[in-house]
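In this text the structure is predicted, and so the values were computed from the model without any measurement.
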Number of protein chains: 2
Amino acid sequence: MSLACATCPVRDRAACSVLSDEEREDLSQRGRHRTLEPGEVLFHAGEKVTACATLTSGALKVSTTDAEGRERILALVHPAGFVGEFFQPFDDHEVVALAPSEVCLFAGEDIETAMSEHPALGRALLRRTQEDLHASRTLLALTGKPDAQARVAGLILGFAQAASDSPCHPAQEFDLPLSRAECANMLGLTIETVSRKITALEKSGAIRRHGKRGIELVDPARLSLMAEV
Amino acid sequence: MSLACATCPVRDRAACSVLSDEEREDLSQRGRHRTLEPGEVLFHAGEKVTACATLTSGALKVSTTDAEGRERILALVHPAGFVGEFFQPFDDHEVVALAPSEVCLFAGEDIETAMSEHPALGRALLRRTQEDLHASRTLLALTGKPDAQARVAGLILGFAQAASDSPCHPAQEFDLPLSRAECANMLGLTIETVSRKITALEKSGAIRRHGKRGIELVDPARLSLMAEV
DNA sequence: CGCTGTTTTGACGTCCATCAAACACCGTGG
DNA sequence: CCACGGTGTTTGATGGACGTCAAAACAGCG
């Protein structure tokens with residue numbers, strides 16, 4: 001196989017998991033594997049190619065840069081997630097690796113033909129896209145909060161959920177996947193405000209910090225309370 | 001037919017347009033038509049039913065209400081648009097009519113079986129969902145602008161695009177689909193700020209107001225300039 | 001040890017939210 | 001026809017929260 005599906009860490013969670021082994025083998029012929037270093041760009045903004053990818057390990061961010069050069073993070077992609085828009089030709093979003101990452105890369109047309117040959121794949125991608133849409137709207141609701149404290153608390157809670165394996169309970173200790181600048185870009189705040197609010201959360205006793213990115217949830221209830229102000 | 005597909009105003013733009021007449025007839029047996037008054041709720045927040053709908057005329061909003069009772073508008077739905085999430089059971093979003101509207105309503109399971117019988121439908125829905133995702137991220141980028149003036153200008157530009165039939169050129173004169181309060185909820189601002197910024201735009205000569213909701217673009221270039229501050 | 005990049009903390013100014021009141025619009029009923 | 005409330009919009013005055021500028025603390029690394 002051109003792609004190591006057999007040993008793929010997300011083989012039963014990614015969109016392609018709905019395929020049989022033969023179908024998957026068929027699809028893997030058309031794709032290619034790629035490794036990304038932190039900061040490396042998978043899709044550039046404005047490029048017209050219709051391509052897409054499944055993240056097998058690491059983490060990606062989807063971002064856009066406005067006229068004044070401010071970056072805005074629109075979404076994070078976790079392993080088994082999917083990025084790329086193959087219908088409309090060009091996209092002003094950029095996809096960049098946050099951590100050392102590995103992806104399965106496909107041309108848009110290949111995915112389209114694969115979808116017509118294997119209808120289950122289309123349904124799986126639809127489901128993933130609906131989840132992405134839901135996540136995007138959740139982030140929209142979060143960034144709409146008038147209070148910066150609530151936004152930061154909500155972001156940390158979201159990261160805690162994502163870092164946990166169990167779907168409902170947040171992880172009790174984890175690392176922030178983003179730098180302060182990236183947190184700020186995600187929430188529509190400045191670096192300084194994010195930093196201040198995090199220290200305020202620590203002083204209030206809701207969390208504790210370990211190093212620059214380590215977060216420990218000492219009082220999750222208080223944290224979610226602060227997220228709702 | 002239980003649904004008047006033959007005279008449907010969006011019969012060649014909605015997701016179901018990819019179906020043949022017979023397939024469409026088949027699907028229409030499972031759906032039902034519904035009329036909505038302004039303010040009437042199509043899907044309540046928190047309800048567990050998995051249903052979905054295509055908007056045939058009018059306009060809808062997708063919104064959520066946080067713990068303090070603040071409404072946040074997450075998306076607008078235009079004719080031929082699609083709403084509803086049929087995979088994950090429950091949703092904290094609410095779908096409400098903004099204007100007198102008509103929808104084709106389907107149970108989630110019916111859509112799922114229809115998709116497996118007619119794979120093209122799944123692809124069409126995937127495409128629509130990707131478009132919704134893109135729109136959501138565009139709104140996310142807009143609401144992230146630090147300056148209120150830029151947000152309001154961007155919103156007006158967006159409405160001008162939506163009101164136009166041609167995809168690239170904005171309409172020169174149109175009505176805001178939202179009240180001031182709804183604009184504010186969409187942008188994460190207050191009613192007063194939205195009002196002030198609109199009058200500021202008028203004083204700057206970028207737009208002119210006709211009545212409460214009528215907008216005339218007298219200087220679109222200046223308007224898009226102000227959207228990028 | 002000195003360098004560079006990230007994070008934190010401080011002081012200050014500004015923009016927006018808040019509170020409050022005036023206004024426009026539109027029905028209803030006197 | 002005009003007074004009357006009701007709703008949505010506009011405008012004004014004020015305070016607070018966040019952005020901005022600046023510098024210090026800190027960690028990583030040659």
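- A donor-acceptor pair is defined here as one N or O able to donate and one able to accept, closer than 3.5 Å; such a pair exists between the side chain of A:S224 and the backbone of A:P220.
- Of the charged side-chain nitrogens involved, none lies within less than 4.0 Å of a carboxylate oxygen, so that B:E102 and B:R34 do not count as a salt-bridged pair.
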Checklist line | Residue pair B:E192, B:R196: steps toward the salt bridge (Lys or Arg N to Asp or Glu O under 4.0 Å) verdict | finding: CA-CA 6 Å; B:E192 297 92 323; B:R196 275 184 249 269; 5.7 Å; no

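- Taking only side-chain atoms of A:A148, from C-beta outward, the nucleotide of D:dT9, C:dT9, D:dC18 with the closest atom is D:dC18.
- Contacts between residues 174-189 of chain B and DNA chain C, counted as heavy-atom distances below 4.0 Å, involve B:G188, B:L189.
- Under the 3.5 Å distance criterion, with hydrogens and angles disregarded, a donor-acceptor pair is assigned to the side chains of A:S63 and A:E71.
- Remark: A:R72 does not engage A:E94 in a salt bridge, criterion side-chain N to carboxylate O under 4.0 Å.
- In this structure, B:L76 and B:F159 have side chains that are in contact, with non-hydrogen atoms separated by less than 4.5 Å.
- Taking a 4.0 Å limit (strictly below) on heavy-atom distances, residues 204-215 of chain A reaches DNA chain C at A:R209, A:K212.
- Taking only distance into account, the side chain of A:E192 meets the base of D:dC21 through a donor-acceptor pair shorter than 3.5 Å.
- One can place CZ of B:R196 at 16 Å from P of C:dC23, the figure rounded to the nearest angstrom.
- Regarding A:K197, its NZ atom lies at a distance of 14 Å from the C1' atom of C:dT9, rounded to whole Å.
- As rounded to whole Å, 17 Å separates atom P of D:dA17 from atom NZ of A:K145.
- The CD1-C1' distance, from B:I191 to D:dG12, rounds to 16 Å in whole Å.
- Using a cut-off of 4.0 Å between Lys/Arg side-chain N and Asp/Glu carboxylate O, A:E202 and A:R208 are scored as not salt-bridged.
- Put simply, B:T193 has no side-chain N or O that comes within less than 4.0 Å of OP1 or OP2 on C:dC15.
- Atoms CG and CZ, from B:L176 and B:R180 in turn, are 6.0 Å apart once rounded to the nearest 0.5 Å.
- Rounded to whole Å, the distance from CG on A:D147 to C1' on D:dC18 is 10 Å.
- Using a 4.0 Å cut-off, no side-chain N or O of B:T190 falls inside it from OP1 or OP2 of C:dT18.
- Closest of all the heavy-atom pairs between A:C52 and A:I111 is SG-CG1, 3.3 Å.
- The CD atom of B:Q149 sits 13 Å away from the C1' atom of C:dC16 (whole-angstrom rounding).
- Note: CG (A:L98) to P (C:dT6) measures 14 Å, nearest angstrom.
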